[in-house]
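As structure tokens, the structure follows; a few thoughts come after it.
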Amino acid sequence: MPVPAHWPTTEAQALAEQERLRPLVQPHDDPDQPAAQLVAGVDVAYDDDHDLVVAAAVLLDVDTLAVVEQATAVGHIPFPYVPGLLAFRELPAVLDALAALTRTPDLVVCDGYGLAHPRRLGLASHLGVLTGLRTLGVAKTPFTFDHHQPDTPRGSTTPLTDPATGEEVGRTVRTQPGIKPVFVSVGHRIGLDTAVRTTLHLARRYRLPETTRHADHLCRRALADALSTRTATN
DNA sequence: GCGACAG
DNA sequence: ATCTTGTCGC
């Protein structure tokens, strides 16, 4: 329930924490791990007026895409929204929701970026390093770095490149024909090709991965429930 | 200095 | 993220 001990309170602390965790990210496929069977989707909903944050973790079978388990967690908002420091606002609740699951996911799909981040530690990578879990990030809107629009067909991609180093830090992916692309980047213990392939598999029907859709719906319902319960109690 | 800026 | 009306389409 509570925020992890020593969770950063100021921007300076958060920046220092990112510098500390950044070198621990493993941006490649992990040979010791078999292909993912249980994939988790995590998402968060807020109510700033009541200082409430609700996270949801939904486990899907990667083959059938059926929901096999789900959990939620409620808490207080631990950090303000600051571009580049989103993880400090979302992860405490996400960690609680994941801990509430009975089974351990083989992969966690996050809402946002991983390596495609100003300091190479977006929330997907951050979550991966903190938990040791394999993670990837799928963002809905551009953040840092330039890119071109992918072609119209589903599966088309274009690189998200760091203009300074020329390094490919992510990829725009057209998950549905002619529909606005999503931005995929490596989180932890996974390579970009695998991350993109997995995202396309999970987004066979809609623009966003099934994992993200389920987690989004669940955390919104849970937030509504938490607010109504609060009204009935207070 | 100014603008941009995941969710 | 969240606030919001109507509207197009399966």
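Predicted, not measured: the structure shown is a model, and the values here were computed from it. Here is the naming used below: chain letters follow the sequence lines, and residue numbers restart at 1 for every chain.
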Should A:Val173 and A:Ile179 be counted in the same cluster of Ile, Leu, Val, Met, Phe, Trp and Tyr side chains packed under 4.5 Å apart? no

Side-chain touch [X]/[Y], heavy atoms, less than 4.5 angstrom:
X	Y	value
A:Leu98	A:Leu127	yes
A:Arg174	A:Pro153	no
A:Phe88	A:His126	yes

When the distance from [atom1] of [X] to [atom2] of [N] is rounded to whole Å, what number comes out?
X	N	atom1	atom2	result
A:Arg119	B:dA6	CZ	P	13 Å
A:Arg220	C:dT4	CZ	C1'	13 Å
A:Ile179	C:dC10	CD1	P	13 Å
A:His147	B:dC5	NE2	P	11 Å
A:Asp216	B:dG7	CG	C1'	11 Å
A:Leu86	B:dG7	CG	P	8 Å
A:Leu85	B:dA6	CG	P	12 Å
A:Leu208	C:dA1	CG	P	10 Å

Under 4.0 Å between a Lys/Arg side-chain N and an Asp/Glu carboxylate O for A:Arg189 and A:Asp106? no

Taking only N and O in the side chain of [X], is any of them less than 4.0 Å away from OP1 or OP2 of [N]?
X	N	value
A:Arg89	B:dA6	no
A:Lys140	B:dA6	no
A:Thr141	B:dG7	yes

Mark this stacking check for A:Tyr113 against B:dA6 as yes or no, applying ring centres under 5.5 Å and ring planes under 30°. no

Select base, sugar-phosphate, or nothing to describe what [X] touches, counting heavy atoms under 4.0 Å on all strands.
X	answer
A:Ala116	nothing
A:Gly84	base
A:Tyr81	base
A:Pro142	sugar-phosphate

